[in-house]
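Below is one structure, written out as structure tokens; the observations come after it.
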Number of protein chains: 2
Amino acid sequence: MPFGHCLFAEHLASCLALTPGDCKLLEDAASRNVKSLGPRRDLVVEGDPPDSVKVVLEGWVARYKQLRDGRRQILSLLIPGDISDSNVFVLDRMDHSLGSLTPVRYAEIGQAEYEALTSASPRIAKALWWSELVEVSIQREWTTNIGQRNAYERLAHLLCEIFWRAQERGLAYDDSCDCPLTQTDLADATGLTPVHVNRTLQHLRGDGLVELRARRLKIVDPKGLQAAGMFTPGYLHNAAPPIAA
Amino acid sequence: MPFGHCLFAEHLASCLALTPGDCKLLEDAASRNVKSLGPRRDLVVEGDPPDSVKVVLEGWVARYKQLRDGRRQILSLLIPGDISDSNVFVLDRMDHSLGSLTPVRYAEIGQAEYEALTSASPRIAKALWWSELVEVSIQREWTTNIGQRNAYERLAHLLCEIFWRAQERGLAYDDSCDCPLTQTDLADATGLTPVHVNRTLQHLRGDGLVELRARRLKIVDPKGLQAAGMFTPGYLHNAAPPIAA
DNA sequence: CGAAGGATTGATTAGTCTCAACGCAAGTGG
DNA sequence: CCACTTGCGTTGAGACTAATCAATCCTTCG
């Protein structure tokens with residue numbers, strides 16, 4: 001069974017009332033034009049004219065911007081079931097890039113198809129607005145994270161978010177989940193240097209909060225980690241259960 | 001003439017093809033429920049159930065988040081003609097606050113009215129999507145600004161954005177525009193301390209790039225400031241003329 | 001005239017970066 | 001099957017950006 005497909009529709013359905021018919025439409029749209037890509041490749045690069053909305057079926061994707069001199073900011077993470085930039089067609093060109101962190105499978109939904117989807121069901125249109133607003137909300141939280149918190153707090157917060165979101169998608173097992181980001185990726189996501197991420201991670205581990213080895217994130221002390229990162233999941237706007245205590 | 005009204009519709013119309021009838025609808029919607037507020041007051045606070053979309057008619061508004069311990073991150077600035085969070089109704093509660101920086105006049109558009117607007121004209125619906133996507137784009141640029149640039153670059157970038165946006169709305173006169181942010185506000189917007197903002201501003205002034213006094217921003221060397229902030233206006237997605245050289 | 005908010009300055013410290021080297025594991029080619 | 005490469009993680013020393021603390025000044029306004 002193509003697990004990724006269902007994830008996408010299920011995830012939208014879980015937070016909003018979608019009918020089985022709506023789900024079917026979404027699943028179909030996300031199965032018609034599926035592509036695969038190896039790790040560390042670009043799906044879209046800044047400046048491209050936007051031609052399709054992307055749905056991640058398998059693997060992880062990072063949204064990022066690159067400055068002239070090479071500095072890179074990871075803006076957000078897309079995990080299986082996520083949809084990127086609803087309705088991008090409205091814009092003339094992409095203002096950022098999408099790159100795979102792992103091998104990925106993703107669906108491209110073109111403009112015509114996208115519009116068919118939204119006009120077919122007001123519930124779907126609403127669900128897509130919802131996912132867009134959640135995305136902005138997360139972006140705002142990241143701005144706050146980077147702007148106001150120190151390295152220790154920042155990483156704690158980011159790891160909380162990663163685990164929480166993975167868990168909501170059913171991608172977490174017990175107290176751990178995949179986390180394919182290298183320390184350099186974590187650095188680009190938090191506005192720190194890889195070296196400092198390394199030391200801060202050691203600090204978090206030393207405090208018995210998390211373990212992160214071999215692309216696997218293990219939450220040792222959920223409450224402690226949340227407190228350290230001042231993580232309150234409201235900004236994710238979902239109805240998922242809290243991190244198991 | 002209620003200048004602010006026209007700004008709102010004009011601004012949407014300037015980037016997308018709206019008919020005179022569309023503009024009329026927008027102007028009406030933004031004139032039906034108008035409120036006023038003094039400076040430094042909240043329009044909406046985090047946790048509120050969202051009940052209306054806001055259109056800024058006069059004055060400046062800041063979107064912000066506050067952490068428990070008092071730290072505050074300004075997430076974005078709303079200037080006259082801006083519309084905040086299209087379609088917020090989709091969410092259960094606000095994940096951030098809106099506060100006035102100056103005395104403001106703004107319109108509230110309730111859910112029913114908002115929906116009437118979008119179903120009345122597909123062009124309006126598109127324009128509102130557009131403004132939402134531009135907002136996210138700006139938010140991403142801010143994340144990058146705070147995450148990757150140093151104090152000098154960050155402030156240069158922010159001041160560029162402020163002037164550029166003011167100019168696009170016809171709110172700039174020659175080489176200067178209003179900038180009602182205090183140095184503390186600038187600090188909260190850039191993730192710096194007020195003290196450091198002060199010194200960095202002196203540095204920028206010393207380099208002959210900008211002057212900022214008495215709530216007035218004067219761009220002395222546009223090219224130089226853009227270069228210093230690595231400011232490329234593509235992310236604003238508008239068709240406005242470049243900063244006068 | 002006094003109060004209050006904002007801007008400015010100085011001295012010191014803390015947090016994070018930079019540079020550079022080394023270790024380890026997995027993958028590759030001979 | 002071993003030598004080499006490559007990517008990622010780790011460590012140390014030192015430099016520098018930005019934060020902190022605290023005082024003073026200026027302007028506006030009641």
Side-chain angles (χ1 to χ4, degrees), chain A residues 38-41 62 67 69-74 99-103 145-156 158-159 178-206 210-217 228, chain B residues 38-41 60 62 67 69-74 99-103 145-159 178-206 210-217 228:
Chain A
R40 307 282 156 185
R41 315 243 132 237
L67 304 187
D69 57 18
R71 282 179 269 177
R72 182 178 73 141
Q73 177 67 44
I74 292 187
S100 62
L101 295 173
T102 65
N145 198 34
I146 297 174
Q148 299 300 320
R149 300 200 251 259
N150 64 28
Y152 189 83
E153 297 165 333
R154 263 183 240 184
L155 276 168
L158 177 59
L159 297 178
D178 283 335
C179 178
L181 309 213
T182 65
Q183 293 186 356
T184 301
D185 293 330
L186 291 170
D188 288 344
T190 50
L192 300 167
T193 16
V195 172
H196 199 53
V197 166
N198 181 292
R199 297 197 229 260
T200 307
L201 244 22
Q202 289 180 41
H203 192 178
L204 284 165
R205 188 158 52 81
V210 287
E211 277 164 37
L212 186 51
R213 261 199 318 277
R215 305 291 111 93
R216 198 80 199 152
L217 168 65
Chain B
R40 308 280 155 186
R41 316 243 130 236
W60 288 43
L67 304 186
D69 57 18
R71 282 179 271 177
R72 181 178 74 139
Q73 177 67 44
I74 292 186
S100 61
L101 294 172
T102 64
N145 198 34
I146 297 174
Q148 298 301 319
R149 298 199 252 259
N150 63 29
Y152 188 83
E153 297 165 333
R154 262 184 241 184
L155 276 167
H157 189 279
L158 177 59
L159 297 178
D178 284 335
C179 178
L181 310 213
T182 65
Q183 293 186 355
T184 300
D185 293 330
L186 290 171
D188 288 344
T190 50
L192 300 166
T193 21
V195 172
H196 200 53
V197 165
N198 182 292
R199 298 197 228 260
T200 307
L201 243 23
Q202 291 179 40
H203 193 179
L204 284 165
R205 189 157 50 78
V210 286
E211 277 165 36
L212 186 52
R213 262 200 317 278
R215 305 292 112 92
R216 197 78 199 154
L217 168 65

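What you see below is based on every heavy atom in this structure, not just the backbone, and it leaves out hydrogens, waters and symmetry mates. Below, chain A is the first sequence line, B the second, and so on; all start at residue 1.
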### Those residues that, when tested against B:Q183, pass side-chain contact (heavy atoms from CB on, under 4.5 Å) (two or more places apart)
B:V197, B:N198, B:L201
### Message
Quick check: on DNA chain C, is the nucleotide nearest B:Q202 upstream (toward 5') of the one nearest B:R40, or the reverse? Name the residue that is more 5'.
### Response
B:R40
### Query
Looking at residues at least two apart in the chain, or sitting in another chain, which of them share a salt bridge (charged side-chain N to carboxylate O under 4.0 Å, His left out) with B:D185?
B:R40, B:R72
### Message
So A:R213, base contact, sugar-phosphate only, or nothing? Heavy-atom distance under 4.0 Å.
### Response
nothing
### Residues which pass salt bridge (charged side-chain N to carboxylate O under 4.0 Å, His left out) with B:R216, listed by chain and number, not counting sequence neighbours
B:D178
### Task
Pull out every residue in residues 186-199 of chain B that has a heavy atom closer than 4.0 Å to any atom of DNA chain C, ordered by number, or say none.
B:V195, B:N198, B:R199
### Any B:R149 side-chain nitrogen or oxygen under 4.0 Å from OP1 or OP2 of D:dA18
no
Could you list all N or O pairs between the protein and nucleotides 24-30 of chain D that sit under 3.5 Å apart?
none

### B:R154 side chain to B:R149 backbone, donor-acceptor under 3.5 Å
yes
#### Entry: Terminal axis angle for the helix from C:dC1-D:dG30 to C:dG30-D:dC1, five pairs an end, nearest 10 degrees
40°
### Query
A:T200: what forms a side-chain contact (heavy atoms from CB on, under 4.5 Å) with it, not counting sequence neighbours?
A:A151, A:Y152, A:L155, A:H196
### Query
Which residue pairs satisfy the salt bridge (Lys or Arg N to Asp or Glu O under 4.0 Å) criterion with at least one member in residues 190-203 of chain A, sequence neighbours excluded?
none
### Task
Only counting residues at least two apart or in another chain, list the ones meeting side-chain contact (heavy atoms from CB on, under 4.5 Å) with B:R205.
B:Q202, B:E211
#### Entry: Any side-chain heavy-atom pair of B:L181 and B:R215 under 4.5 Å
no
#### Entry: Interface limits on DNA chain C, where chain A has a heavy atom under 4.0 Å of a nucleotide atom
C:dT16 to C:dC19
### Task
Could you list the residues that satisfy side-chain contact (heavy atoms from CB on, under 4.5 Å) with B:P194, not counting sequence neighbours?
B:T184, B:A187
